Asks: 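Dropping the structure in here first, questions after.
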Amino acid sequence: MSQFAEYAICLLLLTGGAFTLIGAIGLVRLPDFYTRLHGPTKATTLGVGAIILSSVIYFSSRDGGIGISEILVTVFLFMTAPVSANIMAKAAMHIGVRTVENTEGKPWDQ
Amino acid sequence: MFDRLSFPQPWLSLILFVIWQFLSDGVSGGSVVLGLILAWGIPQMTQAFWPERPTFFKSWRMPAYLLRVLFDIVVASFQVAKLILSPRKPRPMFVSYPLELEQPLAITILASTISLTPGTVSVDVSDDNKLLLVHALDAENSDEVIETIRTRYEKPLLEMFE
């Protein structure tokens with residue numbers, strides 16, 4: 001494996017790990033349910049994306065060729081993350097989850 | 001009767017078949033048979049969720065849109081990460097976004113985009129498909145949120161689905 005590939009893999013793994021960690025910290029630190037939704041749908045998506053990219057580089061520099069299945073995993077992830085966020089937000093609105101005081105505007109009445 | 005044997009969404013079937021070949025280790029007799037079963041079965045099961053046939057849209061504009069969204073996801077992740085780590089309290093806000101798009105597929109794409117990009121998650125669509133409820137993590141005022149979504153995402157989608 002080339003030196004360059006090793007550096008790229010390290011960098012991507014560290015970035016991915018950092019973003020996943022920050023997403024998890026966000027779950028603890030953010031004040032209410034709706035704001036907590038933002039952590040996993042964004043920071044973690046990029047985190048997993050970076051880890052998968054490093055896996056693509058690792059296997060393509062070892063065996064040659066591009067790992068299509070990893071790219072498909074990324075595509076599925078990016079397609080499903082908004083759907084789960086949307087359904088959770090909808091469910092929260094339905095049962096009237098408490099929002100933090102400084103929230104402007106209101107969810108709709110159901 | 002013959003509906004049961006047909007492919008209601010040929011493009012979806014084709015995509016499912018090709019994806020299944022990539023997911024299994026190399027094309028073989030088994031993967032082709034299972035791919036065909038999935039390409040037939042999944043559209044049959046999901047057909048009820050798409051009462052209207054997917055309309056034609058300018059799919060060649062899609063790659064440029066996807067690149068923009070991908071770039072925004074990276075930017076969004078840095079913004080959200082910064083906000084999580086800073087001691088400042090976020091200023092969350094619910095915004096009712098007036099939709100100009102009309103097709104369900106276009107609205108689905110817009111809602112998904114909103115959920116993946118800077119500081120916004122889409123919560124619900126009104127029954128008449130006119131309003132989209134958006135939750136912004138950290139926003140100054142609602143006009144700004146609406147303006148960003150309008151110019152960055154809805155305009156290109158409108159051009160695509162016209």
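Owing to the predicted nature of the structure, the values given are computational and were not obtained by experimental measurement. Reckoned from all heavy atoms, side chains included, excluding hydrogens, waters and symmetry mates. A note on names: the letters A, B, ... follow the listed sequences, proteins ahead of strands, and every chain is numbered from 1.
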Asks: Honestly curious: do B/Phe78 and A/Ile51 fall in one hydrophobic cluster under the side-chain, below-4.5 Å linking rule?
Replies: no
Asks: Under a single-linkage definition using a 4.5 Å side-chain heavy-atom cutoff for Ile, Leu, Val, Met, Phe, Trp and Tyr, are A/Leu77 and B/Ile109 assigned to the same hydrophobic cluster?
Replies: yes
Asks: Can you see which heavy atom on A/Phe19 is nearest to which on B/Ala81, and at what distance?
Replies: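 Closest approach of A/Phe19 to B/Ala81: CE2-CB, 3.9 Å.
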Asks: Side chain from CB out, backbone as N, CA, C, O: work out which of these in B/Leu70 comes under 4.5 Å of a heavy atom of chain A, or both, or neither.
Replies: side chain
Asks: Below 4.5 Å from any heavy atom of chain B, which atoms of A/Leu30 appear? Answer side chain, backbone, both or neither.
Replies: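 Looking at A/Leu30, just its side chain touches chain B.
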Asks: If you define the side chain from C-beta out and look only at heavy atoms, does anything of A/Tyr34 sit under 4.5 Å from B/Pro92?
Replies: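 The answer is no; the side chains never approach within 4.5 Å.
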Asks: I'd like to verify something: which residue of A/Gly49, A/Ala50, A/Ala81, A/Pro82 has the highest number of heavy-atom pairs under 4.5 Å with chain B?
Replies: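 Of the options given, most contacts go to A/Pro82.
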Asks: Can any side-chain N or O of A/Asn86 pair as donor or acceptor with the backbone N or O of B/Val123 at less than 3.5 Å?
Replies: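 Yes; at least one donor-acceptor contact below 3.5 Å.
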Asks: So with a 6.0 Å cut-off around CE of A/Met79, is the heavy-atom count from everything else above 12?
Replies: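 At most 12 heavy atoms, drawn from other residues, nucleotides or ligands, come within 6.0 Å of this atom.
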Asks: Honestly curious: do A/Leu46 and A/Val56 fall in one hydrophobic cluster under the side-chain, below-4.5 Å linking rule?
Replies: no
Asks: Report yes if some heavy atom in the side chain of B/Asp124 is under 4.5 Å from a heavy atom in the side chain of A/Met93; otherwise report no.
Replies: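 Side-chain contact under 4.5 Å: yes.
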Asks: Measure the CD1-CZ distance between B/Ile84 and A/Arg36 for me, rounded to the nearest 0.5 Å.
Replies: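 So the gap between those two atoms works out to 11.5 Å.
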Asks: Counting C-beta onward and ignoring hydrogens, is there a side-chain heavy-atom pair between B/His135 and A/Thr35 closer than 4.5 Å?
Replies: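 When only atoms from C-beta onward are counted, A/Thr35 and B/His135 do touch, with a gap below 4.5 Å.
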